Amino acid sequence: MLDPRVLRNDPEAVARQLARRGFVFDADAYRDLDTRRKTLQTRAEELQAERNQRSKSIGKAKAAGEDIEPLKAAVAGLGEQLEAAKAELEAVQAEQDAVREGLPNLPDPAMPEGHDEADNVVLREVGDRPHLDFEIKDHVAIGEHLAGLDGAAGAKITGARFTVLSGAVARLHRALITYMIDAHVDVGYTELNVPYIVNADSLYGTGQLPKFGDDLFRLTEPADYYLIPTAEVPVTNMVRDEIVAPERLPLRYVAHTPCFRAEAGAAGRDVRGMIRQHQFEKVELINIAHPDESDACHEAMVARAEAVLAGLGLAYRVVDLCGGDIGFAAARTYDLEVWLPSQNTYREISSISNTRDFQARRMGARYRDPESGKPRLLHTLNGSGVAAGRALVAVLENYQQADGTVRVPDVLVPYMGGLEVIAAPG
RNA sequence: GGAGAGGUGGCCGAGUGGUCGAAGGCGCUCCCCUGCUAAGGGAGUAAGGGGUUUAUAGCCUCUUCGAGGGUUCGAAUCCCUCCCUCUCCGCCA
């Protein structure tokens, strides 16, 4: 949610900034709407003030033992007028709220210009790509050869875009997750285990609702809940309606969760393998920060995700998302893309965003400013550190060997019970 | 699922339909006193929206006592529905 004050005082500036991300905001229409709102609100509040005053004097008269019937008669018509004025006001406010809830975050001035992902800016490429002087297999072929990846089973059990992992490959997936959590906890992150089912208020807070409900799996029985599309939702909502003591900032959380996404609109994209699933797992980093610190936190979070990829010995690049590719709630987003030999390209494995006060305003997440003593909005940041399913894909492909086996990255060997090479069973 | 108790400010906790945004306490801030510390005395201290304004200062105003409805001139207080917490029972990984 954008600052209503900024929106009111300078909607044209908002429109200009949102245009950088390809969003059309009709500043004139908003201005007109706000003018109507102001008129109606003033009227309604005047009536309310009058009624409050009269009711108060009735109370005093009654306490003094006076006859209050004439006073009551004088208020007779007020109630209906007030009712009508309130109804009108609420209608306009609802209209205005709907507009505001649909507005994406203002981009950082430094965000690159551009219309789609082709315009993203590559900041750096890190690590050596593997030298595979044999016929490169993709992770599906590797996984099937190792009897560790079974898309048909997933399809039978549930449907398209679900997969069963088994044996050493399943363990590798688990090893990746544990390795990543440990790495973040080692530098001061607090590990959280959170609900995978959330209510609509939480999804509103992080910005998935009301606009992006189609991307979510919704539960209607026995309660109206949703499966989380990312740990960002439950973890960030920890501070919803809270006033955090400033000395606790920044809050740094790491949580491993499954993520459930309907993938509406992704028909035909990445249909093979584990790149795009309805259910995948992720190790998520969340920072809840003082506004002055959030940019530094953002950089530090990117460094965390990079450390994971570097630790795994994977080649990756860091990309600064342009206006056409950045998400609804983000002011600035860096993506980490990992090298996939089978696709001969980099694919997203982590996305790290600073939403500044956009989510905090929606969810009433604040800290108490020591100088003024007043609550101020926090900044919230989220980023994958990193996506486990895609990390598994990356390890299988980058560590494949000519004989069809897969070498276990050194840092994962302890998590694999000492296993150094994954070979086909039996 | 059954029976009962309860949800009030940063926290705890009072509150008979009217002068209650709400006693008291804790915490916090400022001041005083005490030659350090501890203790003591005084004052202040909820949040959000709107208007005015250069202003996140002041002033005016509205809203908020779990959520949503209702009764009433007037609701923290009365009525209805829902949510949550706690205790006991039942069920259960």
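Letters A, B, ... are given to chains in the order of the sequence lines, protein chains preceding strands, and every chain is numbered from 1. What you see is a predicted model, and the numbers here were worked out from it, not measured in a lab.
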Participant: Hey, is the side chain of A:Glu45 pairing donor to acceptor with the base of B:G49 inside 3.5 Å?
Facilitator: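 In this structure, the two groups form a donor-acceptor pair.
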Participant: Considering only heavy atoms from C-beta outward, does the side chain of A:Arg43 approach that of A:Gln81 to under 4.5 Å?
Facilitator: yes
Participant: Could you give the distance separating B:G25 and B:C33 at their C1' atoms, to the nearest angstrom?
Facilitator: 24 Å
Participant: Return the value, rounded to whole Å, for the distance between atom NZ of A:Lys62 and atom P of B:U16.
Facilitator: 16 Å
Participant: Look through every strand shown and name the nucleotide pairing with B:C91 as Watson-Crick or G-U wobble, where both distances are under 3.5 Å.
Facilitator: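 Pairing partner, where one exists within any strand: none, as none qualifies.
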Participant: B:G49 and B:A55: how far apart are their P atoms, nearest whole angstrom?
Facilitator: 16 Å
Participant: Counting only side-chain nitrogens and oxygens, does A:Arg368 get under 4.0 Å of the OP1 or OP2 atom of B:C11?
Facilitator: no
Participant: Answer yes or no: does a side-chain N or O of A:Asn52 lie under 4.0 Å from OP1 or OP2 of B:U61?
Facilitator: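 No, outside the criterion.
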Participant: Could you give the distance separating B:G13 and B:C26 at their P atoms, to the nearest angstrom?
Facilitator: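 Roughly 15 Å separates the two P atoms.
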Participant: Any salt bridge between A:Glu306 and A:Arg124, counting N to O under 4.0 Å?
Facilitator: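 Judged by the 4.0 Å cut-off on N to carboxylate O distance, A:Glu306 and A:Arg124 do form a salt bridge.
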Participant: Write down the partner of B:G27 under the Watson-Crick or G-U wobble criteria, each distance required to be under 3.5 Å.
Facilitator: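 Here B:G27 is engaged in a pair, and the nucleotide opposite it is B:U45.
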Participant: May I ask you to check if A:Arg174 and A:Tyr415 form a cation-pi contact, with NZ or CZ under 6.0 angstrom from the six-membered ring centre and within 45° of the axis?
Facilitator: no
Participant: Can you tell me if the side-chain N/O atoms of A:Arg37 get under 4.0 Å from OP1 or OP2 in B:G51?
Facilitator: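 True: A:Arg37 side-chain N/O within range (under 4.0 Å) of B:G51 OP1/OP2.
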Participant: Is it true that A:Asp335 and A:Ser351 share a donor-acceptor pair across their side chains at a distance under 3.5 Å?
Facilitator: yes
Participant: Counting only Watson-Crick pairs (N1-N3 plus N6-O4 or O6-N4) and G-U wobbles (N1-O2, O6-N3), all under 3.5 Å, who is the partner of B:U72?
Facilitator: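 Its partner is none (no Watson-Crick or G-U wobble pair with both distances under 3.5 Å).
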Participant: When the distance from CZ of A:Arg376 to C1' of B:A47 is rounded to whole Å, what number comes out?
Facilitator: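 It is 13 Å, rounded to the nearest whole Å.
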Participant: Counting the atoms with a prime plus P, OP1 and OP2 as sugar-phosphate, which does A:Lys60 contact under 4.0 Å by heavy atoms, base, sugar-phosphate, or nothing?
Facilitator: nothing
Participant: Across all strands shown, which nucleotide pairs with B:G4 by Watson-Crick or G-U wobble geometry, both distances under 3.5 Å?
Facilitator: B:C86
Participant: If you measure from the C1' atom in B:G6 to the same atom in B:A93, how many Å do you get, rounded?
Facilitator: 29 Å
Participant: Would you say the side-chain atoms of A:Tyr253 and A:Glu284 include a donor-acceptor pair closer than 3.5 Å?
Facilitator: no
Participant: Look at the rings of A:Phe358 and A:Phe328 and say which category their plane angle falls in: under 30° parallel, 30 to 60° tilted, over 60° perpendicular.
Facilitator: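 If you compare the ring of A:Phe358 with that of A:Phe328, the planes turn out perpendicular.
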Participant: I'd like the C1' distance from B:G21 over to B:A46, given in whole Å.
Facilitator: 8 Å
Participant: Start at the 5' end of RNA chain B and walk down; is the nucleotide closest to A:Glu83 or to A:Asp34 reached first?
Facilitator: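 Checking each residue's closest nucleotide, the 5'-ward one belongs to A:Asp34.
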Participant: How would you label the contact of A:Arg366 with the nucleic acid (heavy atoms, under 4.0 Å): base, sugar-phosphate, or nothing?
Facilitator: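 Contact class for A:Arg366: sugar-phosphate only.
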Participant: So which nucleotide does B:G17 pair with, by the Watson-Crick or G-U wobble rule with both distances under 3.5 Å?
Facilitator: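 Because no pair has both required distances under 3.5 Å, B:G17 counts as unpaired.
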Participant: In whole angstrom, give me the gap between the C1' atoms of B:G48 and B:G9.
Facilitator: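 To the nearest whole Å, 13 Å.
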Participant: Rounded to whole angstroms, how far apart are CG on A:Asp241 and P on B:C11?
Facilitator: 12 Å
Participant: Across all strands, who's sitting opposite B:C59 as a Watson-Crick or G-U wobble pair, both distances under 3.5 Å?
Facilitator: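 Paired with B:G51.
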Participant: Hunt down the Watson-Crick or G-U wobble partner of B:C65, both distances under 3.5 Å, from any strand shown, or write none.
Facilitator: none
Participant: Hey, are A:Glu90 and A:Lys86 close enough for a salt bridge, meaning a charged N less than 4.0 Å from a carboxylate O?
Facilitator: no
Participant: Picking from B:G51, B:C73, B:A47, which would you name as closest to the side chain of A:Lys374?
Facilitator: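 The listed nucleotide nearest to A:Lys374's side chain is B:A47.
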Participant: Is there a Watson-Crick or G-U wobble partner for B:G40 with both distances under 3.5 Å, and if so, which one is it?
Facilitator: B:C32
Participant: In whole Å, measure the gap between the P atoms of B:G74 and B:U85 for me.
Facilitator: 35 Å
Participant: Atom CD of A:Gln41 and atom P of B:G48: how far apart are they, to the nearest Å?
Facilitator: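 The answer, rounded to whole Å, is 16 Å.
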Participant: If you only use heavy atoms from C-beta on, which nucleotide in B:U56, B:G18, B:G48 is closest to the side chain of A:Pro375?
Facilitator: B:G48
Participant: Just call it for A:Arg43: base, sugar-phosphate, or nothing, with non-hydrogen atoms closer than 4.0 Å on any strand.
Facilitator: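 It contacts nothing in the nucleic acid.
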Participant: OP1, OP2 of B:U63 versus side-chain N and O of A:Gln48: anything below 4.0 Å?
Facilitator: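 Indeed, a polar side-chain atom of A:Gln48 lies that close.
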Participant: For nucleotides B:U16 and B:A23, find the distance between their C1' atoms and express it as a whole number of Å.
Facilitator: 14 Å
Participant: Strictly below 4.0 Å: does A:Arg51 bring a side-chain N or O up to OP1 or OP2 of B:G74?
Facilitator: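 So the side chain of A:Arg51 is within the cut-off, an N or O lying under 4.0 Å from OP1 or OP2 of B:G74.
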Participant: To the nearest angstrom, how far is A:Lys38 atom NZ from B:C60 atom C1'?
Facilitator: 15 Å
Participant: Please report, rounded to the nearest Å, how far the P atom of B:U53 is from the CZ atom of A:Arg5.
Facilitator: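 The distance from CZ of A:Arg5 to P of B:U53 comes to 14 Å, rounded to the nearest Å.
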Participant: I need the CG-P distance between A:Leu82 and B:G74, as an integer number of Å.
Facilitator: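 Atom CG in A:Leu82 sits about 9 Å away from atom P in B:G74.
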Participant: Under 30°, 30 to 60°, or over 60°: which ring-plane class applies to A:Phe217 and A:Phe260, parallel, tilted or perpendicular?
Facilitator: perpendicular
Participant: Roughly how many Å is it from CD1 in A:Ile58 to P in B:G17, rounded to a whole number?
Facilitator: 18 Å
